[in-house]
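In what follows, chains are A, B, ... by sequence order, proteins preceding strands, each numbered from 1. Below, each value reflects all heavy atoms present in this structure, side chains not excepted, and no hydrogens, waters or symmetry copies.
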4 protein chains.
Amino acid sequence: MQLDFNNPKPIYLQMVDEVKKSLARGELKPGDKIPSHKEQAHLSKVNPNTVQRAYQEMEREGLTETLRGQGTFIKNDPELLVHIRSEMAQTAVQQFIEEMNGLGINPAETERLLSEHLYNGKKEV
Amino acid sequence: MQLDFNNPKPIYLQMVDEVKKSLARGELKPGDKIPSHKEQAHLSKVNPNTVQRAYQEMEREGLTETLRGQGTFIKNDPELLVHIRSEMAQTAVQQFIEEMNGLGINPAETERLLSEHLYNGKKEV
Amino acid sequence: MQLDFNNPKPIYLQMVDEVKKSLARGELKPGDKIPSHKEQAHLSKVNPNTVQRAYQEMEREGLTETLRGQGTFIKNDPELLVHIRSEMAQTAVQQFIEEMNGLGINPAETERLLSEHLYNGKKEV
Amino acid sequence: MQLDFNNPKPIYLQMVDEVKKSLARGELKPGDKIPSHKEQAHLSKVNPNTVQRAYQEMEREGLTETLRGQGTFIKNDPELLVHIRSEMAQTAVQQFIEEMNGLGINPAETERLLSEHLYNGKKEV
DNA sequence: GTGGTCTAGACCACT
DNA sequence: GTGGTCTAGACCACC
């Protein structure tokens, strides 16, 4: 769970995204129990209420299910994984394209830059 | 000047980015005068203080210079444009790669998705 | 026994209500034995403690009586059924009227809406 | 704003309902500003955070719109009023019917009881 | 002053 | 111990 406390994006939303990414990567599976908000709060060095807010948001989005007194679970919907994954990928691609567009960089150049960075191991910014 | 008031990124930083993008796109050129903060405030429907803060930030970053009584100007440095442009492009590319990485999507698939979205005009998600 | 685990109304109170409704409907009769708390807990997929608490509440309200070693029974009071039934009906009606009132819907419209929904089988909203 | 602190229904949801009812009754109109969370907190003798949560919920439901630093406003959608009103009325009617059904009271009797209570001024329970 | 986030700590219902 | 609500009080960005 990678949280950036200097990112203006609220922590609870970062947490939601992290769970979605874990799902997309296959680290979490439908039906899995996720840590209690207290436990996760301890792990992430964040206030339990903040975690709870993240969990609430996930439930609201239909990502998780809550059983009173038992815990919070990734919803056991076989289509969930593929949905989340394609939704997040699409958003990322779209955002990238808009950004490059905003910089006046044309599609060919965009593809070139991407390939260049993808394959020369420049993993550090 | 595209501002998103629900974006957690502070408005004044969004304004800085927008100026940089205008530069990258060639809409603004080194030496150009940018609107006074009052004028810009009116244009963007934003408080003058916020514009002021954006202008301060740009000056701090060496993007602009202010001439007392004459206004604020894009710095007249011929290399500025190319610097800004490549810096912003690189950041965007890097961010995109990290995002796709975080979703467990491999480079080949990343390129495929990009091309798909670049060339089929899907501007809306 | 319809329990809604997301209803903020405590489970044990929901159970009490369900017993009262069974009585009103005639499914339970004065003098009938109701399941032991263990049995009921299993049936309702609820913790035995919760059932215990529901039974306590019913006894407190004079709805049931417990005979040591024999179990819990609906009180054998011939007037019980009619009491419960009219009390619950009155509460429901009153609550409904207040709700419609709160929405600024007048009596005539209230009656019309009720009839409409009563007779066209719209069981799902 | 009628809040019942003994009602197990969370206060913030009671507040949402109260705003909806005010809308249905025409006391609030689309476009109206609603009190700041601090002000409302003071009026309702409730913690500002609780009010904020209610406001957030309303925004999430598309009932209100927020302008950073300016306040929270009822969404200016002319259809909003009729939507809310009919939605809430339908829910109330449906709930009432289910309740009476649960008590084994038939439609005719349900209508009779309603009329009786509607027109004999029994406003107190 | 206004909304938004976060922390800290309390109480409750249920397992 | 688990989720849910509430209070109290702090900090931030923006008007």
- [ ] Specify the residue among D:Pro10 and B:Val46 whose closest nucleotide of DNA chain F lies further upstream toward the 5′ end.
- [x] D:Pro10
Task: Residue met sooner reading DNA chain F from 5', once A:Ile34 and B:Thr50 are mapped to nucleotides - done: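 Closer to the 5' end of DNA chain F: A:Ile34.
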Within the 4.0 Å heavy-atom criterion, would you say [X] contacts the bases, only the backbone, or no part of the nucleic acid?
X	answer
A:Gln56	sugar-phosphate
D:Tyr12	sugar-phosphate
A:Ile11	sugar-phosphate

Open item on the list: One thing to verify: whether D:Glu27 and D:Lys21 come together as a salt bridge, which I'm taking to mean a side-chain N less than 4.0 angstrom from a carboxylate O.
Closed with: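 No, D:Lys21 and D:Glu27 are not salt-bridged.
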TODO: Anything under 30° is parallel, anything over 60° is perpendicular, the rest tilted; go ahead and classify B:Tyr55 against B:His37.
DONE: perpendicular
Task: Pair B:Thr72, B:Glu65: side-chain N/O donor-acceptor within cut-off below 3.5 Å - done: no
- [ ] Drop me the distance from C:Leu103's CG to D:Glu87's CD, to the nearest 0.5 angstrom.
- [x] 10.5 Å
Task: Gap separating the CD atom of A:Gln52 from the CG atom of A:Asn47, nearest 0.5 angstrom - done: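 Between A:Gln52 CD and A:Asn47 CG, I get 10.0 Å after rounding to 0.5 Å.
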TODO: Decide whether a cation-pi geometry holds between B:Arg53 and B:Tyr12; the criteria are a distance under 6.0 Å from NZ or CZ to the six-membered ring centre and an angle within 45° of the ring axis.
DONE: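 Yes, cation above the ring, under 6.0 Å and within 45°.
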Open item on the list: Let me spell it out: for each of C:Leu13 and D:Gln52, pick the nucleotide of DNA chain E with the closest heavy atom. Which residue's pick is nearer the 5' end?
Closed with: D:Gln52
- [ ] Take A:Lys38 and D:Ser36, find for each the nucleotide of DNA chain E with the closest heavy atom, and name the residue whose nucleotide sits nearer the 5' end.
- [x]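 The answer here is D:Ser36.
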Task: Atom-pair distance (CG on C:Asn47; P on E:dC12), nearest Å - done: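 About 19 Å, once rounded to whole Å.
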- [ ] For the pair A:Glu59 and A:Thr64, evaluate side chain to side chain donor-acceptor pair (under 3.5 Å) and give the outcome as yes or no after the intermediate values.
- [x] CA-CA 5 Å; A:Glu59 177 132 32; A:Thr64 56; 4.8 Å; no
Open item on the list: With a 3.5 Å distance limit and no angle check, can you tell me whether D:Thr50 reaches the backbone of D:Val46 through a side-chain donor-acceptor pair?
Closed with: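 No.
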Open item on the list: Please check: side-chain N/O of C:Glu57 versus main-chain N/O of C:Val16, any donor-acceptor pairing under 3.5 Å?
Closed with: no
- [ ] Go through DNA chain F and write down every stem, that is, every run of at least three consecutive Watson-Crick or G-U wobble pairs with distances under 3.5 Å, as range with range.
- [x] E:1-14 with F:1-14
- [ ] Using chain D heavy atoms and a threshold of under 4.0 Å, write down where along DNA chain F the contacts begin and end, 5' to 3'.
- [x] F:dT5 to F:dC15
